[in-house]
Amino acid sequence: MDKTYQPHEIERTWYDKWEQSGYFKPSGQGDAYSIMIPPPNVTGSLHMGHAFQDTIMDSLIRHQRMLGKNTLWQAGTDHAGIATQMLVERKVAAEEGKTRHDLGRDAFIDKIWEWKEESGGTITRQLRRMGSSIDWSRERFTMDEGFYKAVQEVFIRLYDDKLIYRGKRLVNWDCKLHTAISDLEVENKDQSGHLWHFRYPLADGAKTADGKDYIVVATTRPETMLGDTAVAVNPTDSRYTHLIGQYVELPLVGRRIPIIADDYVEADFGSGCVKITPAHDFNDYEVGKRHQLPMINILDPNGAILTRAEIYNTDGTANSELDDRLPENYLGLDRFDARKHIVAEFEDKGLLEKIEDHALKVPYGDRSGVVIEPLLTDQWFVAVADLAKPAIEAVENGDIQFVPKQYENMYFAWMRDLQDWCISRQLWWGHRIPAWYDDCGNVYVARTEAEAREKYKLSHDLPLNQDNDVLDTWFSSALWTFGTLGWPEETDELKTFHPSSVLVTGFDIIFFWVARMIMFTLKFTDQVPFKKVYVHGLVRDQDGQKMSKSKGNVLDPLDLIDGIELETLVSKRTGNMMQPQLAKKIENQTRKHFPEGIDAYGTDALRFTFLSLASTGRDIKFDMNRMEGYRNFCNKLWNAARYVLMNTEEQDCGVHGEAVELTLADRWIISRLQETEAQIDKHFAEYRFDLLANTLYEFVWNEYCDWYLELSKPVLWDEQASPERLRGTRRTLVRVLEAILRLAHPLMPYITEEIWQKVAPLAGKQGDTIMLQAYPQAEADKIDPQANADIEWLKAVMLAIRSIRGEMNLSPAKEIKVLLRNASIEDQRRLEETRILLNKLAKLEQIGLLAEGEEAPMSATGLVSQMEILVPMAGIIDKDAELARLQKELDKLDKEISRLDGKLSNPGFVSKAPADVVEKERAKLREMQSAAARLRDQQQRIASI
RNA sequence: AGAACUAUAGCUCAGUUGGUUAGAGCACCACCUUGACAUGGUGGGGGUCGGCGGUUCGAGUCCGCCUAGUUCUACCA
């Protein structure tokens with residue numbers, strides 16, 4: 001083995017071997033355990049969030065596989081309607097100078113499929129590098145034929161159950177992408193804007209209370225005034241009550257619109273009068289419905305002013321009574337240009353009362369980055385009220401449990417205030433809506449046109465056209481757990497692996513995905529999609545900032561695995577930017593944070609880092625220093641293995657059950673191994689990967705390496721040692737290491753497999769891979785409290801001696817004598833048990849007891865409970881140094897003694913605290929007082945030299 | 001505006017149902033290349049647990065208020 005851990009050397013080959021051997025597939029034996037990967041976007045590449053999430057899933061799956069479960073980890077990607085369409089549109093524009101309309105729908109979709117074949121696999125290749133033990137034979141894509149069947153089936157059944165309806169509604173319209181998007185895809189940003197106060201002349205000679213012939217409305221969006229259909233006031237606002245039912249004459253347009261009363265209006269905001277534009281504002285839309293106001297749409301799909309307004313009645317039917325003409329000078333003007341012109345025209349006409357600065361939230365499309373326009377359009381909706389109820393109950397009654405539990409509140413809060421879900425998108429890429437229309441606009445929903453004719457008993461020659469729209473990507477993602485297992489067929493996979501065992505996901509998509517999955521899955525399978533939802537935090541950069549391309553703080557997990565040069569990293573981060581003006585800033589940041597570029601840390605260290613960061617918080621700040629620490633941990637494990645192999649390979653390790661003698665150290669490490677296994681088991685059950693990683697780290701480094709390996713040396717190097725003793729030590733070295741490897745394998749698959757291949761035979765284990773070995777289980781009868789206590793004593797003595805050495809500046813190479821004063825019978829027994837170890841490890845010339853009444857030589861002193869450790873320092877003692885050392889100890893003790901004293905002289909504590917707590921405190925006090933007395937004695941002796 | 005989460009060493013984080021002298025890693029200081037490992041070893045320094053109040057014999061831990069940060073939801077035209 002190499003002297004240092006070289007991740008590249010060992011990670012290269014194992015994955016292919018595992019995959020080719022079919023180890024990732026369900027074994028077909030044992031209870032089922034399944035995880036469906038949250039499908040990453042097919043356009044994407046693996047980011048830190050994925051890598052984090054995948055590490056957790058892989059650890060769970062590998063753990064369960066080793067526990068003998070029939071495990072299925074199924075992966076796939078979603079087609080990401082908007083993102084993919086945009087990407088390919090840009091590509092086609094760049095390469096061929098064509099728009100998708102030039103190509104036509106079918107040809108464009110062919111382009112997308114071509115692109116998907118070429119580069120859609122990026123993320124799955126990266127998943128492999130992470131060591132993810134996914135059953136690739138079951139990889140799914142949401143646009144697969146089979147999956148589309150499930151999507152159609154769901155749509156049709158929901159429609160037939162009247163849970164899907166079509167209607168003209170106000171939706172969030174993206175003027176750039178020309179499609180509706182859901183509330184969840186809208187980002188509201190704070191902006192400073194203006195509040196324009198306009199005068200609306202009163203019609204029919206009406207006057208306000210103070211005698212004016214106009215009222216003032218305020219708006220942040222002047223351009224929408226062309227579509228106003230009322231002015232609203234609060235019914236209790238005495239300034240305006242006499243005007244309710246009167247009319248104003250809408251400036252620029254000349255339309256007569258009523259003054260109505262509605263509680264929505266707050267009298268003390270602005271002028272107390274609100275213009276109502278039902279076709280262009282969600283609040284106004286509601287007001288309009290309450291007052292049966294017509295809806296006047298003035299914008300085209302680009303957000304430009306229409307030549308003729310589209311006017312609808314409250315029920316969505318076309319209104320032909322009202323005048324649909326709009327002022328000609330605005331025709332075709334973009335909404336923001338129109339705004340300027342309209343304001344100017346109000347000013348010209350003397351109708352602009354004032355302009356105020358105003359802070360407001362502006363909705364932006366999270367994909368397109370343009371301002372979202374509420375627009376009246378025909379869309380398909382899922383009526384969610386009936387679906388939500390069982391979905392809420394499933395969490396309430398514990399069929400689905402969130403970990404950590406607090407996220408259930410987030411889920412409930414959203415589910416209890418649910419709006420109908422707009423599922424149609426005006427895109428080409430996606431699942432086309434299985435609905436056909438005749439020329440009269442009647443709707444027929446079926447799998448195919450032929451089926452529609454049959455289902456609705458239509459004649460052959462009735463012309464039918466399929467709906468042009470596609471379904472929201474999240475509609476299909478909602479079927480992920482059962483759609484990927486072959487539903488609506490009743491497949492064996494569906495029976496075996498559904499519901500899935502756990503969903504691992506970030507809290508940011510609880511609404512988008514988790515909630516909708518629960519609703520749909522319950523509706524169609526009468527099963528929950530998963531029994532647990534493990535919600536993890538989001539990976540952030542070293543400053544706690546969200547990682548994003550535009551901030552330039554993204555890290556590619558593969559760069560952490562393989563390493564990257566500074567220059568390459570800089571150009572990677574600043575290349576192909578949406579906002580090139582930020583490039584310089586990003587470059588500087590990058591040079592500051594990674595002056596040397598990034599080292600190669602390997603997959604195992606990266607995984608271990610992710611796991612150790614997976615605590616219950618919402619933010620996971622990624623810390624390169626921590627990863628370096630865990631890379632070092634890999635090296636530690638590697639070198640421990642080297643040591644073990646050097647001492648066991650081609651030696652008698654008792655593989656065939658030969659007689660062995662187990663030393664105290666052997667019994668101790670075996671005992672501690674059981675306790676560690678039990679701890680790890682608990683942490684897995686509670687999804688506390690941080691504690692799990694820590695438990696393993698501690699055991700490997702602080703117990704196995706720091707102590708046990710050291711304790712094994714005096715045995716292995718003792719030429720007098722019996723064969724049984726040697727065999728026992730070798731067997732323990734190898735067996736404990738082998739168990740460590742299995743314990744660690746779900747977290748660090750590569751290094752453990754690599755080492756295990758060499759160690760397993762020496763431990764009497766057979767098998768081609770560690771992946772399929774049994775996960776270590778604690779055996780209670782191997783826990784040995786006596787051995788634990790004895791080794792703790794040994795450690796305490798060693799630490800006391802080392803501390804004296806360290807502080808008295810005694811060279812570690814110098815052999816010293818040690819005397820024990822006031823050693824109990826138990827201390828004496830332990831001394832005999834460990835004498836050889838102490839001599840060797842503490843570099844002692846000798847260690848012995850100071851007889852009762854015997855005068856001690858000048859010594860530095862340490863305490864192990866009541867026993868004094870004396871290191872005679874005749875001639876070389878530094879009086880002041882030793883006095884200072886003793887004083888420091890004493891100060892610490894005295895502080896604690898007075899604290900305990902105070903506690904115990906408090907009558908409240910003595911009478912009310914449980915007796916055992918009081919007794920414990922008393923014992924502690926006694927011990928400390930006596931320790932302090934010993935140190936004071938010693939202090940006097942030294943002082944009197 | 002409402003809600004949630006977070007606040008513990010210079011940094012990144014643990015700290016179970018309240019009860020050892022509040023821990024780890026990194027960083028820092030000193031010493032050490034010893035036969036697994038300098039990606040290492042040994043010793044050491046460093047914290048009023050965000051602030052104020054309360055409950056309790058006892059609070060990092062429970063409750064209230066405040067401050068700061070993050071996020072979500074809803075928004076007044």
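So you know, we letter chains A, B, ... as the sequences are listed, proteins then strands, and number each from 1.
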Opposite nucleotide pairing with [N], Watson-Crick or G-U, both atom distances under 3.5 Å:
{"N": "G10(B)", "answer": "C26(B)"}
{"N": "G40(B)", "answer": "C32(B)"}
{"N": "G47(B)", "answer": "none"}
{"N": "A1(B)", "answer": "U73(B)"}

Have a look at [X] and say if it touches a base, only the backbone sugar-phosphate, or nothing, with a 4.0 Å heavy-atom cut-off.
{"X": "K3(A)", "answer": "sugar-phosphate"}
{"X": "H280(A)", "answer": "nothing"}
{"X": "R631(A)", "answer": "base"}
{"X": "W414(A)", "answer": "nothing"}
{"X": "M928(A)", "answer": "base"}
{"X": "C634(A)", "answer": "nothing"}
{"X": "W196(A)", "answer": "nothing"}
{"X": "E266(A)", "answer": "base"}

[X] side-chain proximity, nearest of [options]:
{"X": "E710(A)", "options": "G40(B), A77(B), A36(B)", "answer": "A36(B)"}
{"X": "W717(A)", "options": "A77(B), U42(B), A36(B)", "answer": "A36(B)"}
{"X": "S803(A)", "options": "A77(B), A36(B), G44(B)", "answer": "G44(B)"}
{"X": "T219(A)", "options": "A36(B), A77(B), U21(B)", "answer": "A77(B)"}
{"X": "V265(A)", "options": "U39(B), U21(B), A77(B)", "answer": "A77(B)"}
{"X": "E896(A)", "options": "U21(B), G44(B), G40(B)", "answer": "U21(B)"}
{"X": "R899(A)", "options": "C37(B), C5(B), U20(B)", "answer": "U20(B)"}

Spacing of [X] atom [atom1] relative to [N] atom [atom2], expressed in whole Å:
{"X": "I755(A)", "N": "A36(B)", "atom1": "CD1", "atom2": "C1'", "result": "11 Å"}
{"X": "K636(A)", "N": "C26(B)", "atom1": "NZ", "atom2": "P", "result": "11 Å"}
{"X": "L538(A)", "N": "U6(B)", "atom1": "CG", "atom2": "C1'", "result": "14 Å"}
{"X": "R416(A)", "N": "A4(B)", "atom1": "CZ", "atom2": "C1'", "result": "15 Å"}
{"X": "I215(A)", "N": "A77(B)", "atom1": "CD1", "atom2": "C1'", "result": "13 Å"}
{"X": "E698(A)", "N": "G25(B)", "atom1": "CD", "atom2": "C1'", "result": "10 Å"}
{"X": "Y704(A)", "N": "A36(B)", "atom1": "OH", "atom2": "P", "result": "13 Å"}
{"X": "Y643(A)", "N": "G41(B)", "atom1": "OH", "atom2": "C1'", "result": "15 Å"}

Distances under 3.5 Å only, N/O to N/O: pair up the protein atoms with those of nucleotides 57-59 of chain B.
residue : atom : partner : partner atom : Å
C57(B)  : OP1  : K912(A) : NZ           : 2.4
C57(B)  : O4'  : G908(A) : O            : 3.3
C57(B)  : O2'  : N906(A) : ND2          : 2.8

If you measure from the [atom1] atom in [N] to the same atom in [M], how many Å do you get, rounded?
{"N": "C28(B)", "M": "G47(B)", "atom1": "C1'", "result": "15 Å"}
{"N": "C52(B)", "M": "G46(B)", "atom1": "C1'", "result": "27 Å"}
{"N": "G54(B)", "M": "A14(B)", "atom1": "P", "result": "30 Å"}
{"N": "A59(B)", "M": "G19(B)", "atom1": "C1'", "result": "10 Å"}
{"N": "U71(B)", "M": "U21(B)", "atom1": "P", "result": "40 Å"}
{"N": "G25(B)", "M": "G15(B)", "atom1": "C1'", "result": "15 Å"}
{"N": "G53(B)", "M": "G45(B)", "atom1": "P", "result": "32 Å"}
{"N": "U61(B)", "M": "A7(B)", "atom1": "C1'", "result": "14 Å"}

Would you say [X] and [Y] make side-chain contact, with heavy atoms under 4.5 Å?
{"X": "V186(A)", "Y": "D183(A)", "value": "no"}
{"X": "I260(A)", "Y": "R290(A)", "value": "no"}
{"X": "V818(A)", "Y": "V797(A)", "value": "no"}

Query - 5'-most by nearest nucleotide on RNA chain B - D183(A) or F507(A) - result: F507(A)
Query - First encountered from the 5' end of RNA chain B, between L799(A) and A218(A) - result: L799(A)
Report summary line: To the nearest 0.5 Å, atom CG of L555(A) lies from atom CE of M48(A) at 5.0 Å
Query raised in the report: Does a salt bridge link R730(A) with E650(A), judged by any charged N lying under 4.0 Å from a carboxylate O?
Result: no
Query raised in the report: Are E927(A) and K924(A) ion-paired here, with the side-chain N under 4.0 Å from a carboxylate O?
Result: no
Any chance the side chains of [X] and [Y] put a donor and an acceptor closer than 3.5 Å?
{"X": "N694(A)", "Y": "D690(A)", "value": "no"}
{"X": "Q887(A)", "Y": "D891(A)", "value": "yes"}
{"X": "S712(A)", "Y": "Y643(A)", "value": "yes"}
{"X": "T236(A)", "Y": "N234(A)", "value": "yes"}

Query - Under 3.5 Å donor-acceptor, N635(A) side chain and Y5(A) backbone - result: yes
**Report entry** Under-4.0 Å side-chain N/O to phosphate OP1/OP2 contact, H358(A) with A77(B)
**Finding:** yes
Report task. Please determine if a side-chain N or O atom of R802(A) lies less than 4.0 Å away from the OP1 or OP2 oxygen of G43(B). Result -> yes
Query raised in the report: Going 5' to 3' along nucleotides 8-18 of chain B, which nucleotides have protein heavy atoms under 4.0 Å from the base (write B), which only from the sugar-phosphate (write S), and which from neither (write -)?
Result: ----BSSSB--
Requested in this report: Examine Y630(A) together with F608(A) and report whether their ring centres are nearer than 6.0 Å.
Outcome: yes
Query raised in the report: Run the salt bridge (Lys or Arg N to Asp or Glu O under 4.0 Å) check on E919(A) and R926(A) step by step: do they pass?
Result: CA-CA 11 Å; E919(A) 189 36 52; R926(A) 278 195 300 271; 3.3 Å; yes
Query raised in the report: May Y630(A) be described as stacking on the base of G25(B), applying a 5.5 Å centroid limit and a 30° limit on plane angle?
Result: no
